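Only one structure is covered here, and it is reproduced in the block below.
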Amino acid sequence: MGGRSCGEEGQIERRRLATNVFACCHRGASFLGCLTLMQLWSRYFIPTLKESPADAEIASHRLLVRAGLVRKLGGGLYTYLPLGLRVMQKLSRICREEMERSGAIELQMPHIHPAEFWADGPRWGPVREIMFRADSAGDGKRGPREPEFVLGPTHEEVITPLVKHEITSYRDLPKSFFQIGTKFRNEIRPRYGLMRAREFVMMDAYSFDADDDGAVRSYLAMKAAYEAFFRRIGAEAVSVEADTGVMGGSFSHEFMIPAEVGDDDLLYNEESGYSANREKARSALVPADHVDLPAAGALEEFPTPGIVTIAALEAPPYGVPADRQFKTLVYIGDGRPFAIVLRGCDELEEAKLGSLGFGLVRPATPEEIEPVLGAKPGSLGAVRGTLRNPSALVGIYADHAIRLVGNGTTGANRDGVHLRNVNVMRDLEIKEFGDFRRVRAGEPDPIGGRPLKMRRGIEVGHIFKLGTKYSERIDAGYTDDKKERHLFVMGCYGIGISRTLQALIEQSHDNDGIIWPWAVAPFQVLVCLLDPQDPQAAEIARRIAAAAERAGADVLIDDRAERPGVKFKDSDLIGVPLRVTVGGRGIKEGVVEMKWRGAPETLKIALDESEALIEAAVRSKA
RNA sequence: CGGGGUGUAGCUUAGCCUGGUAGAGCGCCUGGUUUGGGACCAGGAGGUCGCAGGUUCGAAUCCUGUCGCCCCGACCA
């Protein structure tokens, strides 16, 4: 046994020896006398907290700190303590395995990027605000020989030039690359611990294909790898159709871990299998066979002094229900105004304006609206002939749902005047119908018409089919077998590893602490030694720990000179899946106790069977 | 960046309104009694009250500025 050399330890060691027979060992390795990775709690570093830090709002954030996984350095900046790092490493390893299984190849790109890689790119505008600058001058004022740098928020702008230079033939396609590493984004508002941090760990991947079919295959392979990853780490993640946002690209899925604290709404129906995030969600509110109502009468103006809201027009004396009103909104797309018509009861989903193809879209100001339509917001409408300067508009777009209104009420484009008996097809000047409204829970899903449900979720992964947006920009392509040149068809993919860590806690905890899924637990077995000063108990604990380790578990031995209550509380808090309690009381009965975290009952197992049973228990999980 | 809040010991905080020697619990150290779900007793260490100005005989407390942090909004893995 390795403990024999303990006489060489200092005075403190001898003092501790009095209460802990493991105390002379630097770590588990020495008392087993062979190579082992198990840790002794008394020698490890797990600073648990009884109370929550004041700045932690949500359960997972509190538990991250209380269980000793992380400590905050500053807003959105966290140190991963040993326990947190162990989970991160397990998540990374599983992610790596699934990515490699899908055919992707690991590499590593710099975190510091020369700014010119971004300055010419398609995303410099929208992405610039969240990038940290890393000028070599350090003060933002660079000298003539000091280039500008940024800290990488993602790596499309780096990998595309690389692949452009290194891959020139169709014979080398397809290729997918990935890396797992730190990303930097100067979030406007970091919050919820690791959930939205300034520095975070992400797996990012990029696929390059010869044509669109290949890109779809790469995309689907990646989707399968994601599903395998989330399954293996014990997360209940769902994939939803998503908006492509600033990334651009043609289609995309988000992977969500459902949780109340998520900042995304998803709409879904389990029976039909439809699921989408709110920005993208569609509904079958307007049936395919919908027939518009015939016009009910002639257009008629009526005075509405001071009435500028949907709600005011609903109230007496007007009494026009919101779903019988038309709401006309004006936006500026790439500098030119356009209008959107919705039902009064609907909300615009701004993300859906992306389908109109503008680069930059923002709401128009009243000053911009009045010269074009003829009135201020509150009395706007899209009735043919009422607009002051219709040629200034790019067009008037309408949500499909306004066809359900039939004859309704809308602004007359004169302040304080509205029109009634407005018939969609007869009276409105619509350039194009589209899907612009925000879908609500309860509406029929677009597949089978079943009611959509809504819940919140945490976005932990995102996959995009990018197309040729980036390759076109820098002319990155290859030569085919007919000596013709084509652009790479790209995809890009990301999994927030550190965010997933916290989302797992959010998804799996109780009042006592974290409940780790087996595959990612920092330690899978905790041998809770209640009497570390008792050589017989310590010997039993050591054998059980060794058996668990043989079976493939990561083992922690709680050998601290603490009272049992403290050890049990800490054990529950850090969420180790399997706890084995070894104490004098049990030993007298000839048993040790086995308890699965999250299960209510404690199992007593006979001492002489304990090693075999623990080994079997571990193997059943691995 | 807009709105709101907050800063007192390692952590959680009282005191601030109504200025007058900075208090508690947890944790930590020492001794003792305990020992199967966050023990008890006794003793002890630890705070220039975020920072800088101002008002005042006197400021944790009132005023101004500034910085950090937290929450709500837009954005994201």
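Letters go in sequence order (proteins before strands), and every chain restarts at 1. What you see is a predicted model; the values in this text were computed from it and never measured.
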Could you measure between the two [atom1] atoms, the one in [N] and the one in [M], and give it in whole Å?
N: B:G15; M: B:G20; atom1: C1'; answer: 14 Å
N: B:A24; M: B:A14; atom1: P; answer: 15 Å
N: B:C51; M: B:G27; atom1: C1'; answer: 28 Å
N: B:G43; M: B:U35; atom1: C1'; answer: 23 Å
N: B:A52; M: B:C67; atom1: C1'; answer: 10 Å
N: B:U48; M: B:G4; atom1: C1'; answer: 31 Å
N: B:G25; M: B:G31; atom1: C1'; answer: 22 Å

Under 4.0 Å between a side-chain N or O of [X] and OP1 or OP2 of [N]?
X: A:R191; N: B:G73; result: yes
X: A:Y192; N: B:C76; result: no
X: A:K183; N: B:C76; result: no

B/S/- contact track for nucleotides 1-7 of chain B, protein heavy atom under 4.0 Å: B------
A:D55 side-chain proximity, nearest of B:U13, B:C70, B:G37: B:C70
Distance flag, aromatic centroids of A:Y219 and A:F251, threshold under 6.0 Å: yes
The single option from A:K352, A:R437, A:R438, A:K327 passing salt bridge (Lys or Arg N to Asp or Glu O under 4.0 Å) against A:D346: A:R437
Close N or O pairs between protein and nucleotides 39-45 of chain B (under 3.5 Å):
none

Donor/acceptor link under 3.5 angstrom from A:E51 side chain onto base of B:G27: no
Quiz item: A:D512 side-chain donor-acceptor pair to B:G37 base, under 3.5 Å: no
Neighbours of RNA chain B within residues 194-205 of chain A, by heavy-atom distance under 4.0 Å: A:M195, A:R196, A:A197, A:F200, A:M202
Any residue meeting side-chain contact (heavy atoms from CB on, under 4.5 Å) with A:S610, in chain and number order, not counting sequence neighbours: A:I544, A:V592, A:I605
By side-chain contact (heavy atoms from CB on, under 4.5 Å) - contacts of A:D510 (at least two apart): A:D512, A:I515, A:R597
May I have the list of side-chain donor-acceptor pairs in residues 579-589 of chain A shorter than 3.5 Å, sequence neighbours left out?
none

Cation-pi check, A:R86 onto A:F523 ring (under 6.0 Å, within 45° of axis): yes
Integer-rounded Å distance: B:A74 P and A:Y331 OH: 12 Å
